[in-house]
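Working notes, structure below.
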There are 2 protein chains.
Amino acid sequence: MSSDASPAPAPVTLREVAASAGVSVATASKALNGQGRMTAETRERIRETARRLGFRPNSLAQSLLRRRSFTVGLLTNDTYGRFSLPLMSGVSDALVDAGVSVFLCNVEDDTRLAQLHVEAMLDKRVDGIIATGKRIDRHLPVDLANLRIPVIYAFTQPDPGAIAFVSDDSGGARLAVEHFCRLGRKRIAHVTGPASFAVVHERAQAYRDVLTEKGLPVMEPLLGSWSEAWGHEAVKKLFDGQGKLSKTGSEKPDAVFCGNDQIARGVIDALRERGLGVPDDVGVIGFDNWQIVAEATRPPLTSVDMNLAALGREAGLTLLSLVGGQPAAPGIRKLPCRLVVRQSCGRPPDG
Amino acid sequence: MSSDASPAPAPVTLREVAASAGVSVATASKALNGQGRMTAETRERIRETARRLGFRPNSLAQSLLRRRSFTVGLLTNDTYGRFSLPLMSGVSDALVDAGVSVFLCNVEDDTRLAQLHVEAMLDKRVDGIIATGKRIDRHLPVDLANLRIPVIYAFTQPDPGAIAFVSDDSGGARLAVEHFCRLGRKRIAHVTGPASFAVVHERAQAYRDVLTEKGLPVMEPLLGSWSEAWGHEAVKKLFDGQGKLSKTGSEKPDAVFCGNDQIARGVIDALRERGLGVPDDVGVIGFDNWQIVAEATRPPLTSVDMNLAALGREAGLTLLSLVGGQPAAPGIRKLPCRLVVRQSCGRPPDG
DNA sequence: GCGATTTGGGAAAAGGTTTTCTCAAAGGAG
DNA sequence: CTCCTTTGAGAAAACCTTTTCCCAAATCGC
């Protein structure tokens with residue numbers, strides 16, 4: 001802790017810099033911004049003075065004049081934050097270097113609260129808004145169309161004609177299932193969340209597609225909830241019932257692709273409880289790559305990562321270019337997922 | 001989605017309102033703010049005009065004049081966000097009704113980044129800063145002393161002479177251990193995190209104090225890591241070794257107070273694996289009340305909640321009153337925890 | 001009916017910066 | 001030595017709102 005005990009350094013204005021350097025504020029401004037014409041000597045003298053006085057321009061004054069506040073709003077309804085947080089920090093990281101700060105607006109599912117936040121942001125003249133949520137297929141509880149400032153949607157349902165970034169869930173699912181195929185797994189099951197989620201269907205379709213392409217048997221995806229408990233229960237259904245596949249003996253799955261990491265955790269625990277080894281007997285892959293869960297699972301869980309931080313960065317940068325006047329085509333951009341391989345899926349045959 | 005397709009409503013200024021109402025801007029301003037003297041009729045006419053035009057004052061201009069931006073900065077290094085998020089939303093909720101917006105600044109443990117954020121906030125004339133972290137006993141990587149604006153510390157190590165809010169970990173631990181006592185548990189163990197954390201010692205001391213007060217045997221707390229794996233291992237130590245207590249037969253613990261919910265989860269799983277019933281044979285209480293873990297545990301985990309959202313609200317309100325010029329005594333304020341009773345600790349004898 | 005007070009409302013400064021104009025001095029061409 | 005161009009720097013407007021001060025008209029007291 002450096003405690004020079006300087007009590008309260010008064011903010012120094014451009015006027016004071018100018019006075020101290022013996023020039024007008026106009027000249028001082030131009031000197032510091034590299035504008036206008038003056039002797040190199042004058043310019044340097046002013047700069048030195050500013051440095052000495054610790055001058056920092058007042059952003060409010062600048063913003064007022066430039067009609068640009070170097071500020072954006074981040075709207076989210078993901079209270080728990082599992083998805084929002086990496087996304088938020090991606091946005092923030094992308095913007096901080098451009099000198100842009102981020103207003104955090106947690107709106108829950110409360111329309112009044114959301115309206116309040118949006119109005120506060122508009123009053124504060126944010127340059128743009130990023131809307132983000134906990135589900136790709138649900139709107140935030142507020143209308144952001146026709147807002148006179150650019151809006152980017154990230155990991156939430158966009159308005160028609162808007163620009164949105166979402167994860168490529170279909171691609172993510174392919175990653176997982178194809179990985180199982182490469183490892184030589186033949187009977188791959190899919191245990192996932194409730195039918196009310198769009199991603200459930202998207203991933204299930206990708207699952208079916210890959211298996212069909214590879215000529216492997218397709219088992220009907222098991223829909224349930226996003227919980228460990230459902231993972232347990234699903235194992236019962238998969239391994240207790242009469243085999244879903246027609247062949248002899250080996251009718252039970254040798255791999256389970258799960259809709260999220262909690263389900264996967266439940267599946268792995270349930271498998272262990274009935275004496276099945278993971279990954280030797282059954283491989284398991286999760287979704288979300290929720291690190292703290294994936295790493296606590298034994299064995300550590302291979303999982304599909306949606307790259308939410310990258311998604312946030314992309315959204316931030318796009319908003320920035322929109323604010324800067326660059327045009328951008330509306331539409332939904334899907335960003336690729338990546339597979340984080342740990343130990344629950346088995347090793348490739350070749351090592 | 002209401003799409004009135006109004007293309008881009010231009011922001012309307014006070015000047016336009018005044019012109020439209022046939023008065024000067026001075027009068028218009030006074031009419032809208034309830035200042036000055038004028039006929040009720042004039043005032044109402046101006047207000048009506050403002051309403052009709054959808055006038056909203058430009059915050060930047062107001063801030064410039066009032067030297068108050070109605071904006072605060074929230075600094076955090078809790079990337080993962082388990083602790084930060086409830087805290088952040090508490091802060092935000094407390095402030096949004098006062099029209100104050102919150103800049104989110106994720107600084108990781110990067111001094112450069114932190115400096116960058118702090119300077120951006122100062123340039124933007126935030127009214128104050130709330131510093132928060134993932135550990136009570138560690139500083140953020142930046143010096144916030146002598147900043148000319150008020151700073152409040154919440155759930156992070158404060159500078160000397162500052163105002164800070166932290167959870168009362170000692171009280172939280174008492175809550176848990178006393179609850180066990182009330183339930184008639186006699187041999188209560190404590191499994192917790194690494195010695196490098198201040199809270200580990202604080203809670204352990206409270207644990208010892210309560211047991212001593214009640215005349216129950218004190219077992220030396222088991223320090224390890226904050227992980228499920230350590231919970232497993234600790235059960236081995238507690239239940240395999242020769243009894244730590246001198247009495248006959250019943251030397252094994254009948255209750256385990258855990259330093260966090262992940263440890264508790266590991267403990268419960270390990271107990272089940274060795275055929276011990278929770279809560280019948282052994283009661284378990286966790287710490288943090290990390291809902292998603294506590295509820296996924298079987299049986300659902302009783303846990304100490306640090307009330308972080310309330311802590312955030314308190315911090316936000318205090319900062320507000322500081323900004324408003326109210327004096328406040330420096331020092332660390334400990335806010336009480338609460339025990340969230342689920343099913344892992346057993347029921348009171350009286351039902 | 002005249003001076004003193006109240007009333008209703010406007011002019012202008014302030015807040016801090018940027019940018020456009022303007023202008024005097026200096027330099028160059030002839 | 002005069003005219004034109006360049007150079008260096010300042011004055012002022014603009015951004016939008018709030019607040020202080022001021023003034024004219026109306027009201028009041030007598």
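Sequence lines set the chain letters: A, B, ... in the order given, protein chains first and strands last, and positions in each chain run from 1.
Near-neighbour residues of DNA chain C inside residues 39-50 of chain B, defined by a heavy atom below 4.0 Å, number-ordered: T39(B), T42(B).
Counting 5' to 3', DNA chain D first comes under 4.0 angstrom of a heavy atom of chain A and last does so at the ends given by dT7(D) to dC16(D).
Residues meeting the side chain to side chain donor-acceptor pair (under 3.5 Å) test with R52(B), sequence neighbours left out: S20(B). For R135(B), the side-chain contact (heavy atoms from CB on, under 4.5 Å) criterion is met by D137(B), R138(B), S196(B), F197(B), not counting sequence neighbours. Applying the ring pair (Phe, Tyr, Trp, His ring centres under 6.0 Å) criterion to F83(B), with sequence neighbours excluded, gives F155(B).
Heavy-atom nearest nucleotides on DNA chain C were determined for A61(B) and for V23(B), and the one closer to the 5' end corresponds to V23(B). With DNA chain C read from its 5' end, the first of the two nearest nucleotides for G22(B) and R125(B) is the one closest to G22(B).
Side chain of R47(A) to main chain of A31(A): a donor-acceptor pair is present (N/O by atom type, distance under 3.5 Å, no hydrogens or angles). Here the side chain of T132(A) pairs no donor or acceptor atom with the backbone of T76(A) at under 3.5 angstrom. Looking only at distances, a side-chain donor or acceptor of N106(A) sits under 3.5 Å from a matching main-chain atom of E108(A). Side-chain atoms of N307(B) come within 3.5 Å of backbone N or O of P336(B) as a donor-acceptor pair.
Summarising the geometry, the separation between CD on Q62(A) and P on dT17(C) is reported as 7 Å, rounded to the nearest angstrom. Atom CZ of R67(A) and atom P of dT18(C) are 15 Å apart (whole Å). Nucleotide dG15(C) holds its C1' atom 8 Å from the CG atom of N58(A), rounded to whole Å. One interatomic measurement links the two molecules: CG of D123(B) to P of dT17(C), which rounds to 10 Å at whole-angstrom precision.
Every pair passing side-chain hydrogen bond (donor to acceptor under 3.5 Å, both in side chains) that includes a residue from residues 92-105 of chain A is listed here, sequence neighbours excluded: S101(A)-K124(B). Counting only residues at least two apart or in different chains, salt bridge (Lys or Arg N to Asp or Glu O under 4.0 Å) contacts with residues 98-107 of chain B are absent. Identified under the ring-ring contact (aromatic ring centres under 6.0 Å, His included) test for residues 99-137 of chain B, with sequence neighbours left out: F103(A)-F103(B). Among pairs with a residue in residues 16-42 of chain A, those fulfilling salt bridge (Lys or Arg N to Asp or Glu O under 4.0 Å) read E41(A)-R45(A), at least two apart in sequence or across chains.
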**OP:** Using a 4.0 Å cut-off on protein heavy atoms (strictly under), produce a 5'-to-3' string for nucleotides 19-28 of chain C with B for base contact, S for backbone-only sugar-phosphate contact, and - for none.
**Re:** BB--------
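The bend of the helix from dG1(C)-dC30(D) to dG30(C)-dC1(D), defined by the angle between the axes of its first five and last five pairs, stands at 50° to the nearest 10°.
Under the 4.5 Å side-chain criterion, counting only non-hydrogen atoms from C-beta, L113(B) is in contact with V96(A).
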Can you give the donor-acceptor pairs under 3.5 Å from side chains of residues 315-333 of chain B to other protein atoms, not counting sequence neighbours?
from, atom 1, to, atom 2, distance (Å)
T318(B), OG1, E314(B), O, 2.8
S321(B), OG, T318(B), O, 3.2
R333(B), NH1, A329(B), O, 3.1
R333(B), NH2, A329(B), O, 3.2

